[in-house]
Structure formats: C-alpha cells, structure tokens
Amino acid sequence: MNKEELKARVCEVIRRRNPDIVRLGHAIFAEPELGFKEQKTSAKVRAAFDALGLDYETGWGITGVKARLAGKGHRRTVAVLGELDAIVCRNHPHSDPATGAAHCCGHNVQIGNLLAVAYAMKESGVMDYLGGDLVFFAVPAEEYVEIDYRSGLRREGKLQFLGGKQQLIAEGAFDDIDMAMMMHVNATTNPEGEFTVGASSNGFVGKLIEYHGRAAHAAGAPDRGINALNAAMMGVMGVNALRETFREDDCVRFHPIINSGGDLVNVIPDYVKMESYTRAANVEALARYNRDINRALNAGAMALNAKCDITDLPGYLPLKPDENFRTLLRENANQIFGAANVEEGVHSAGSTDMGDVSHLMPCVHPWVGCVTGTLHGADYVVSDEETAYVKTPEVLAMTLIDLLCDDAKEADRICREFKPVFTKETYLQFMDDLVRQH
C-alpha cells in the first residue's frame with residue numbers, strides 16, 4: 001500500500017471519529033485544571049486510551065499519561081504531545097470559579113488532536129505498514145504559573161522543575177523517543193483556517209528578587225533607615241541602562257513586577273519583593289544576559305547599602321524547530337489547507353517548554369488559526385472546529401505516515417542529520433548551572 005493510500009485511510013478515520021474527538025475537547029474545556037493538578041483531565045485521557053485499547057503508563061510528572069503504539073518495525077519512535085493544563089483567566093466566562101482556571105490557550109484542542117491521531121493510526125491499520133513506533137503523550141504543566149505552589153513541590157522532592165516537559169525530561173520520559181510533534185491554536189480571521197508551520201521562540205529564566213533594607217520613620221529619622229524600595233528602583237534602572245546593549249537578534253525581555261513594596265507610607269520600606277523573567281532567543285544569550293541583569297539588580301542594593309537576594313528558577317529554553325521535520329509538515333499542510341493558507345511564522349518573544357525538548361531531538365510546533373479573541377484572554381473562543389479537530393490532526397497524521405513508511409526512512413534521516421544542543425545529562429547540568437549564576 002503506497003503513502004497516499006495510507007494517508008487517505010487515516011484521514012477517513014479522523015472524519016468518522018470527529019464527534020468523539022470534539023466531545024473530549026469540550027469535556028476538558030468544561031473542567032479546566034492548573035498544572036500538576038490535572039487529575040480530572042488525566043482521567044479523561046486514560047478513559048479514551050482504555051476505549052481505544054492502548055497500553056499506557058501514568059504518573060509521569062504527577063499527571064502525565066504516556067501510551068505507545070507499535071509499528072511493524074521499531075527503527076524510530078515519534079511522539080505526539082498534548083498538554084493537560086489550563087491558564088488562569090478569571091474573567092473568562094467558562095473559568096473555574098474557585099481557581100480561575102480556563103482553557104483559553106487551547107490545550108483541550110491539543111488533547112483532542114492527540115486522540116484524533118491515536119484513533120487514526122490505531123483504527124486505520126496503517127501501523128502494519130510503518131517501520132517505527134508512536135507515543136501519544138498527554139503532558140502536564142506547560143503554563144509557568146503558581147510559582148509558590150510548584151516551588152513547594154520542589155522543596156518536598158516531588159518535582160525537580162516547574163515546567164511539565166522539563167520534569168518529564170528529568171524523569172526519563174523522553175529517553176525512548178526520537179522525535180516529537182504537537183500543535184497549538186492561534187487567533188485568525190481567515191475563514192479557511194491558517195496553518196503556521198512553526199517558528200522559533202524565546203526561552204526564559206524565572207526570577208524572584210528580594211531587597212532587604214532597614215526600617216525607620218520616613219519623616220523623623222530617614223537617615224537611620226535603608227530604603228529597600230529605592231534599592232529596587234535603582235536595580236531596575238540599572239537593567240534599563242543595559243537595554244542599549246541588548247542585541248536585536250537576541251530578542252531580550254525583562255519585565256518585572258513588584259509583589260511587595262512597603263507596608264506603611266510613613267515607614268522606610270525595609271523589604272521589597274519582585275518577580276520577573278529574563279527572556280532571550282538562544283541559550284548563550286539567555287545565560288549571558290541573565291548574568292548581566294543580576295549584576296545590575298545587585299548594584300542597586302550596593303548603592304543604598306541594602307541587600308539583594310536573587311532566586312533564579314529554571315524556566316524554558318528557546319524553541320528550535322527542526323527544518324527537515326518542518327518541510328514534511330509543510331508539504332502535508334499545503335495539501336489540507338492550501339499553500340496560500342500555510343505560513344512560515346516569525347520568531348516569538350513568548351516561551352514554551354517544548355523548547356527544552358527541541359534542544360534534545362527534532363521537534364515541530366505548528367500554530368493553527370482556529371480561534372477568535374485573545375489567547376489567554378476573556379474573549380477567547382474556538383471559532384473553527386473543522387480546522388481545530390479535523391484538518392489539523394489530518395496534517396499531523398499524514399506527516400507521521402511520511403516519517404515512518406519505507407522502514408522509517410525519513411524519520412531516520414531527520415534524526416541522523418539533527419545536531420542536538422544537549423544530551424539529557426548535559427541539559428540537566430546546564431539548567432542547574434544557569435540558575436546558580438548570580
């Protein structure tokens with residue numbers, strides 16, 4: 001059976017199974033959960049895998065579910081990922097009233113795509129013609145939120161990292177995977193839908209910054225105090241003075257907020273707490289600019305004889321989609337969406353933990369225009385379910401056929417030509433070194 005016949009088979013299953021796929025997407029949307037707490041969502045995925053007859057493992061990153069489907073040969077293994085968690089958006093009409101969680105980032109659509117591709121590859125019988133295996137992986141905690149809660153899990157030894165895919169890397173969940181792919185929704189006004197094959201994006205280091213001074217009466221004895229708020233302002237101004245040294249190509253971002261800036265207006269502030277990210281477009285720039293920013297923040301404290309404590313937390317690495325992998329994806333997207341509706345995409349200043357995976361193995365992360373409103377916003381709506389739940393999984397499934405047919409020839413070529421930035425061991429060491437540099 002040739003590739004086009006195999007592709008026709010998987011597309012037929014996706015269309016036939018569409019009511020089940022959409023039903024799961026809607027069910028997850030109705031019960032949003034935040035990262036590392038996705039117990040209901042994880043149970044829904046397990047139930048879907050049970051109904052499909054897939055063997056799976058649970059407990060990866062607390063809530064992750066990993067299923068495997070074998071081909072006639074086992075030369076390469078490709079993973080299809082979907083994210084379990086929601087974001088906090090309390091004003092969204094479908095947010096959880098207790099937690100503020102809402103699926104206004106489309107992760108429920110990702111899980112729908114995951115199931116759609118699983119249906120297609122299992123029920124079509126195409127695995128009998130493919131020379132590699134597939135992993136269907138529902139993964140936790142892509143959104144970098146609830147830092148205090150996750151830091152507590154870290155202190156308890158339940159987590160090493162605050163992001164889901166990072167944690168999975170550390171646990172060895174990707175050790176038996178050669179390549180990984182997933183989709184993400186995007187806003188669009190195109191009635192035919194848009195498919196962006198996926199560009200690069202920034203990485204970041206999470207930062208908690210504390211300034212310690214000395215309290216005194218703000219009017220009667222300011223000479224006896226050390227103003228921690230002034231020290232913090234000096235630190236931020238120091239970073240602002242560095243901005244002219246930030247190279248445009250490095251796409252550096254530093255965007256602090258003040259969580260605590262003093263207690264009483266007539267008392268010199270003796271404690272200030274800030275939170276921020278250092279973002280940059282590549283690993284070298286991320287490490288270098290983070291060192292520079294920490295130096296400037298510390299200098300603000302030195303100027304006022306205050307003390308600055310910086311806690312750097314492992315954030316996400318920049319996303320580096322593999323061009324060979326994207327070429328196959330683009331060819332199939334052209335067939336389903338039409339070439340006029342398929343774009344390359346531009347570098348994003350935002351971040352995803354898929355970036356960490358992309359430093360270890362070939363990855364693609366396409367963006368699919370199927371929503372209106374604002375991502376992470378209260379007006380977010382999935383407006384094109386045909387694109388979200390039919391056309392997109394068709395592209396993913398067809399790309400898997402290209403990768404794994406002919407004894408996984410294309411998957412093997414892409415993996416052999418890929419130049420990883422890290423092994424798992426050097427990745428873990430780099431992340432440890434990155435957050436220890438002040």
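Since we're looking at a predicted model, the values are computed, not measured.
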Aromatic contact, Phe204 with Tyr144 (centres under 6.0 Å): yes
Indicate yes or no for a side-chain donor-acceptor contact from Thr99 to the backbone of Ala101 under 3.5 Å, with no hydrogens or angles considered. yes
Which distance, rounded to the nearest 0.5 Å, do you find between the CG of Leu328 and the CZ of Arg330? 10.0 Å
Shortest non-hydrogen contact from Asp353 toward Lys165: OD1-NZ, 2.6 Å
Examine distances only and state if a side-chain atom of Glu38 and a backbone atom of Ala141 form a donor-acceptor pair shorter than 3.5 Å. yes
With sequence neighbours excluded, tell me which residues meet ring-ring contact (aromatic ring centres under 6.0 Å, His included) with Tyr211. none
Which residue pairs pass the salt bridge (Lys or Arg N to Asp or Glu O under 4.0 Å) test with at least one member in residues 388-404, sequence neighbours excluded? Lys3-Asp402, Lys7-Asp402, Arg15-Glu394
Salt bridge (Lys or Arg N to Asp or Glu O under 4.0 Å) pairs touching residues 362-382, sequence neighbours excluded, are none
Does Ser95 reach the main-chain N or O of Asn91 with its side chain, forming a donor-acceptor pair under 3.5 Å? no
Side-chain donor or acceptor of Thr63 paired with backbone N/O of Gly59 under 3.5 Å: no
Is the backbone N or O of Gln160 less than 3.5 Å from a side-chain atom of Gln167, with the two atoms forming a donor-acceptor pair by type? yes
Passes side-chain hydrogen bond (donor to acceptor under 3.5 Å, both in side chains), Asp312 versus Asn294? Steps please. CA-CA 9 Å; Asp312 280 342; Asn294 284 346; 3.0 Å; yes
Nearest 0.5 Å please: distance from the CG atom of Leu286 over to the CG atom of Leu317. 7.0 Å
Asp407 vs Lys409, salt bridge (charged side-chain N to carboxylate O under 4.0 Å, His left out): CA-CA, chis, key distance, verdict: CA-CA 5 Å; Asp407 197 27; Lys409 179 180 177 181; over 6 Å; no
Students often mix this up, so state it plainly: with edges at 30° and 60°, are the rings of Phe49 and Tyr56 parallel, tilted or perpendicular? tilted
Results of side-chain contact (heavy atoms from CB on, under 4.5 Å) for Gln429 - residues two or more places apart only: Asp432, Asp433
Kindly state whether the ring of Phe422 and the ring of Phe430 have centres lying under 6.0 angstrom apart. yes
Check whether Thr387 reaches the backbone of Asp384 with its side chain - one donor and one acceptor, N or O, closer than 3.5 Å. no
Side-chain donor or acceptor of Asp250 paired with backbone N/O of Val252 under 3.5 Å: no
Check: Glu83 side chain, Glu142 main-chain N or O, donor-acceptor pair, under 3.5 Å: no
Between Gly261 and Val272, which heavy-atom pair has the shortest distance, and what is it? CA-CG2, 4.1 Å
How would you list, by chain and number, every residue that makes a ring-ring contact (aromatic ring centres under 6.0 Å, His included) with Tyr119, sequence neighbours excluded? none
Does anything in residues 150-159 pair up under salt bridge (Lys or Arg N to Asp or Glu O under 4.0 Å), and if so which pairs, sequence neighbours excluded? Glu156-Lys158
CG on Leu403 to OG1 on Thr77, rounded to 0.5 Å: 12.0 Å
For Ser358, side-chain contact (heavy atoms from CB on, under 4.5 Å) partners two or more places apart: Leu319, Lys320, Cys363
So how far is it from Thr352 OG1 to His184 NE2, rounded to the nearest 0.5 Å? 7.0 Å
Tell me, please, which residues at least two apart from Tyr389 pass ring-ring contact (aromatic ring centres under 6.0 Å, His included). none
What's the separation between atom CZ in Phe174 and atom CG in Leu360, rounded to the nearest 0.5 Å? 8.5 Å
Determine, stepwise, if the pair Tyr427 / His359 fulfils ring pair (Phe, Tyr, Trp, His ring centres under 6.0 Å). CA-CA 8 Å; Tyr427 164 80; His359 282 67; 8.1 Å; no
Worked verdict on Arg243 versus Asn240 for side-chain hydrogen bond (donor to acceptor under 3.5 Å, both in side chains): CA-CA 5 Å; Arg243 291 184 189 274; Asn240 289 341; 2.9 Å; yes
SB check Asp412 Arg416 (cutoff 4.0 Å): yes
Where Lys40 and Glu33 come nearest, the two heavy atoms and their spacing: N-OE2, 3.0 Å
According to the interplanar angle, ranging from 0 to 90°, do the rings of Phe29 and His92 count as parallel (below 30°), tilted (30 to 60°) or perpendicular (above 60°)? perpendicular
Which residue pairs pass the salt bridge (Lys or Arg N to Asp or Glu O under 4.0 Å) test with at least one member in residues 51-66, sequence neighbours excluded? Lys66-Asp176
Please name all residues satisfying side-chain contact (heavy atoms from CB on, under 4.5 Å) with Ala70, sequence neighbours left out, ordered by chain then number. His74, Asp133
Could you work out, with side-chain contact (heavy atoms from CB on, under 4.5 Å) as the rule, every residue matching Ala173, not counting sequence neighbours? Trp60, Phe137, Leu168
When you compare the side chains of Glu194 and Asn186, does any donor N or O come within less than 3.5 Å of an acceptor on the partner? no
Please test His255 against Tyr277 for side chain to side chain contact (heavy atoms under 4.5 Å, CB included), starting from the C-alpha separation and ending with a verdict. CA-CA 6 Å; His255 39 87; Tyr277 293 167; 3.6 Å; yes
Do side-chain atoms of Asn108 reach the backbone of Gly25 as a donor and acceptor pair under 3.5 angstrom? yes
Show your reasoning for whether side-chain hydrogen bond (donor to acceptor under 3.5 Å, both in side chains) applies to Thr392 and Asn113. CA-CA 7 Å; Thr392 302; Asn113 273 255; 4.7 Å; no
Mind running side-chain hydrogen bond (donor to acceptor under 3.5 Å, both in side chains) on Ser351 and Arg279 for me, showing each step along the way? CA-CA 8 Å; Ser351 307; Arg279 298 187 193 257; 2.8 Å; yes
Could you check whether His347 and Asn202, counting side-chain N and O atoms only, form a donor-acceptor pair closer than 3.5 Å? yes
Taking side chain as C-beta onward, heavy atoms only, is Cys370 less than 4.5 Å from Glu385? no
Could you list the residues that satisfy ring-ring contact (aromatic ring centres under 6.0 Å, His included) with His212, not counting sequence neighbours? Tyr271
Reported CE-to-CG distance for the pair Met398 and Asn332, which is rounded to 0.5 angstrom: 4.0 Å
Passing candidate, side chain to side chain donor-acceptor pair (under 3.5 Å) with Arg326, options Glu344, Glu331, His365: Glu344
Verify, without hydrogens or angle tests, whether Asn227 (side chain) and Leu304 (backbone) share a donor-acceptor contact under 3.5 angstrom. no
Using the salt bridge (charged side-chain N to carboxylate O under 4.0 Å, His left out) rule, take Asp50 and Arg46 through it: C-alpha gap first, then chi angles, then the decisive distance, then the call. CA-CA 6 Å; Asp50 283 334; Arg46 295 196 304 271; over 6 Å; no
